[in-house]
Amino acid sequence: MTAVTRQQVLGLYRKIFRIARKWQSASGQAEETLQEKEYIKKKARTLFHKNKNVTDPKLIKQCIEECEARIEIGLHYNIPYPRPIHLPPMGLAHQQGRMLRHQEKLRKISKPIYLKSHDDIS
């Protein structure tokens, strides 16, 4: 990891914890705010710890982009949790064979970048 990339990653890590410190839930309830603050901190620690040994520059760039996307989406919608993806029509229907494979392919293609790590951890 280059020095510039290291500084960028550490800056994102600090930014997440600053956001968590100032976070207010959409409902304004103190209990919910505390839960969301803890979720933000726990998720950041887990994901950064999981990716600390990544050395591939392309993968590092992808992780940085995912982190930035999750920060922006969380701040925009005031929700710290990942937003669900939009399933294709008939996405929950019980299909078999070719249609099922086609639906699985559509789900995989439609998954936003900010949910790639969500599946790994959850």
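All residue numbers in this chain count up from 1 along the given sequence.
When all heavy atoms are compared, the tightest approach of S25 to N78 is C-ND2, 3.8 Å.
Y39 and L34 fall into different hydrophobic clusters, where Ile, Leu, Val, Met, Phe, Trp and Tyr residues are linked whenever their side-chain heavy atoms come under 4.5 Å apart, directly or through other members. Put simply, L10 and I64 are part of two different groups of oily side chains (I, L, V, M, F, W, Y) that touch within less than 4.5 Å, one to the next.
By the side chain to side chain contact (heavy atoms under 4.5 Å, CB included) test, F17 is found to be paired with Y13, K41, A44, R45, residues two or more places apart in sequence or in another chain being considered. Not counting sequence neighbours, the partners of T2 by the side chain to side chain donor-acceptor pair (under 3.5 Å) test are T5. In this structure E36 satisfies the side chain to side chain donor-acceptor pair (under 3.5 Å) test together with W23, sequence neighbours excluded. For D56, the side chain to side chain contact (heavy atoms under 4.5 Å, CB included) partners are K58, L59, not counting sequence neighbours. Every residue two or more places apart in sequence or in another chain that forms a side chain to side chain contact (heavy atoms under 4.5 Å, CB included) with C67 is listed here: L12, I16, F48, I71.
For the pair T33/Q29, no side-chain contact is recorded, criterion being any heavy-atom separation below 4.5 Å from C-beta on.
One finds the CD1 atom of I19 at 7.5 Å from the CD1 atom of I40 (value rounded to the nearest 0.5 Å). For the atom pair N51 CG and I60 CD1, the distance stands at 9.5 Å (nearest 0.5 Å).
Sorted by first and then second residue, the salt bridge (charged side-chain N to carboxylate O under 4.0 Å, His left out) pairs with a member in residues 15-35 form an empty list; sequence neighbours excluded.
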Q) Is there a side chain to side chain contact (heavy atoms under 4.5 Å, CB included) between E68 and Q8 once you walk through the steps? A) CA-CA 11 Å; E68 290 171 343; Q8 189 177 9; 3.7 Å; yes

